[in-house]
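Bear in mind the structure is a predicted one, so any value in this text is a computation, not a measurement. Atoms considered below: every heavy atom in the structure, side chains included; atoms not considered: hydrogens, waters and symmetry mates.
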Amino acid sequence: QPQYDIHSGHIVGAEALLRWRHPSYGMVPPDRFIPIAEVSGQIMDIDLWVLDQACQCLGKLTAKGITDFRLAVNASGTELSNPAYPDAVRSTLLRYDIPPHRFGIEITETAIVELDEVAQMTVRALKEIGVEIELDDFGTGYTSLSHLTNLQLDVLKIDRSYIMQLESNPKLVDSILQLADAFSLRVIAEGVETIEQLKLLQQKRCHMAQGFLLSKPITEEELIALLIDDSLAD
Ligand code: C2E
Ligand code: CA
Ligand code: CA
């Protein structure tokens, strides 16, 4: 799903969202199979495959001259408790010659709160590689200020539930933006569905947005076509 710079209107990145086309069940949404894969122990293999596909996609974009673009993948708590995960990330980036700063790893606020010592070391090792760490679904968990200080996060993603009530209750987003500013985090608003929400976010100096108003999740081919169009615009 493309992510837009709210002020320039250009696409600056995308989030990799997994889809499963099952031969008899049709399209199975990730909310259905990811929780099962977490319990069955298959999530690590699945997410390593997503990581590989995402880096391959970034490699294709680079070959087409699109270099000012970043891609993020979702990581589950299982990856964070696996000390081998950072090495897998490092070697995949190397395989496709991807500069680490163009790659983001999204960790949900709930997973951050549950971080034990091993997981904190994993996050630090990922930071050492140079990939960006993004705090996903912000506002749905209970991040403590110490997590924001200790983990040196790069991006904060405001959960869709806050964007939905942006017009009726703007103070919540105002305070999230202030918090992000205090910790020098870039902010992505998730689930932007209306032009009013986008305009309010522009006024509030939120940096980036993703949501159905701008683009639904699309295929890799559609993304490449969209980026070529976008690079031709103004
Ligand atoms: P998420 O990381 O919070 O991803 C955002 C979800 O919101 C996506 O659902 C996306 O399609 C949806 N969305 C985006 N814009 C809008 C909007 O404007 N309105 C509404 N109503 N929804 C919007 P999706 O693709 O069904 O993914 C659901 C969740 O599954 C993700 O939530 C993420 O937690 C998980 N997931 C997806 N792909 C992966 C993956 O490769 N690995 C892991 N571990 N989890 C994944
Ligand atoms: Ca996400
Ligand atoms: Ca999210």
Side-chain angles (χ1 to χ4, degrees), residues 1 3 13-20 28-55 70-93 98 100-163 176 179-180 183 185-191 210 217:
Q1 182 178 33
Q3 297 167 329
E15 173 179 7
L17 291 164
L18 189 55
R19 295 290 178 266
W20 181 12
V28 187
D31 284 341
R32 288 284 302 282
F33 64 84
I34 299 269
I36 300 171
E38 276 173 351
V39 177
S40 70
Q42 289 161 297
I43 189 68
M44 179 84 180
D45 286 342
I46 292 175
D47 279 341
L48 288 181
W49 179 81
V50 173
L51 174 73
D52 186 272
Q53 297 290 303
C55 288
R70 53 192 301 286
L71 201 55
V73 294
N74 290 282
S76 84
T78 313
E79 276 97 88
L80 299 181
S81 25
N82 189 330
Y85 181 62
D87 267 347
V89 172
R90 190 199 317 266
S91 58
T92 312
L93 291 172
I98 307 298
H101 68 270
R102 289 178 56 201
F103 204 77
I105 295 183
E106 296 191 8
I107 305 171
T108 62
E109 194 184 19
T110 321
I112 293 259
V113 172
E114 287 166 2
L115 285 184
D116 57 14
E117 224 162 279
V118 176
Q120 293 202 20
M121 272 165 60
T122 308
V123 175
R124 283 200 198 95
L126 289 168
K127 284 288 307 176
E128 272 167 32
I129 294 171
V131 297
E132 297 205 308
I133 305 293
E134 309 190 14
L135 182 52
D136 201 1
D137 301 344
F138 186 81
T140 59
Y142 302 92
T143 318
S144 72
L145 293 179
S146 71
H147 280 124
L148 291 178
T149 319
N150 297 337
L151 292 172
Q152 294 177 293
L153 305 164
D154 301 283
V155 174
L156 183 154
K157 298 190 74 178
I158 307 179
D159 189 67
R160 190 166 69 88
S161 54
Y162 290 86
I163 305 305
I176 295 177
L179 184 75
F183 285 90
L185 299 169
R186 306 203 304 290
V187 181
I188 303 181
E190 283 197 282
Q210 69 183 93

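To the nearest 0.5 Å, the span separating CD on Gln210 from CD on Gln1 amounts to 4.5 Å. With rounding to the nearest 0.5 Å, the separation of CD in Glu15 from CZ in Arg70 is 10.5 Å. Rounding to the nearest 0.5 Å gives a distance of 10.0 Å between CZ of Phe138 and CG of Leu153. In this structure, CD in Glu114 is found 7.5 Å from OG1 in Thr108, a value given to the nearest 0.5 Å. One distance of note links CZ of Phe33 with CG of Leu18; it measures 4.0 Å at 0.5 Å rounding. To the nearest 0.5 Å, the span separating NZ on Lys157 from CD1 on Ile176 amounts to 14.0 Å.
With a 4.5 Å cut-off on side-chain heavy atoms, Thr78 and Tyr85 do not count as touching. Side-chain contact between Ser76 and Ile34 is absent, with no heavy atoms from C-beta onward closer than 4.5 Å. Considering only heavy atoms from C-beta on, Asp154 comes within 4.5 Å of Lys127 through its side chain. Side-chain contact between Thr122 and Ser81 is absent, with no heavy atoms from C-beta onward closer than 4.5 Å. For the pair Pro217 and Arg19, the minimum side-chain heavy-atom distance is below 4.5 Å. A heavy-atom distance below 4.5 Å is found between the side chains of Leu185 and Leu148.
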The test is side chain to side chain contact (heavy atoms under 4.5 Å, CB included); show your working for Asn74 and Leu17 and say whether it passes. CA-CA 8 Å; Asn74 290 282; Leu17 291 164; 4.0 Å; yes

Are Leu48 and Glu79 close enough, and set up right, to give a side chain to side chain contact (heavy atoms under 4.5 Å, CB included), and what steps lead you there? CA-CA 9 Å; Leu48 288 181; Glu79 276 97 88; 5.8 Å; no

Stepwise, does the side chain to side chain contact (heavy atoms under 4.5 Å, CB included) test hold for Phe183 with Leu145? CA-CA 10 Å; Phe183 285 90; Leu145 293 179; 4.0 Å; yes

Can you check side chain to side chain contact (heavy atoms under 4.5 Å, CB included) on Glu106 and Asp137, steps first, answer last? CA-CA 9 Å; Glu106 296 191 8; Asp137 301 344; over 6 Å; no

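Here the side chain of Asp159 pairs no donor or acceptor atom with the backbone of Tyr162 at under 3.5 angstrom. The backbone N or O of Gly139 lies less than 3.5 Å from a partner atom in the side chain of Glu109, making a donor-acceptor pair.
Across all their heavy atoms, Ile163 and Ala189 have their closest contact at CD1-CB, 3.7 Å. In terms of heavy-atom proximity, Ile105 sits nearest to Ala75 at CG2-CB, 3.6 Å. The two residues Ile46 and Ala37 make their nearest non-hydrogen contact at CD1-CB, 3.7 Å. What you find for Glu134 and Gly104 is that their closest heavy atoms are OE2-CA, 3.7 Å. In terms of heavy atoms, Pro35 sits closest to Pro30 at CD-O, 3.6 Å. Heavy-atom minimum distance, Pro83 versus Val118: CG-CG1, 4.2 Å.
Of the residues listed (Leu115, Ile133, Thr143, Ile107), the one engaging Leu151 in a side chain to side chain contact (heavy atoms under 4.5 Å, CB included) is Leu115, and it is the only one.
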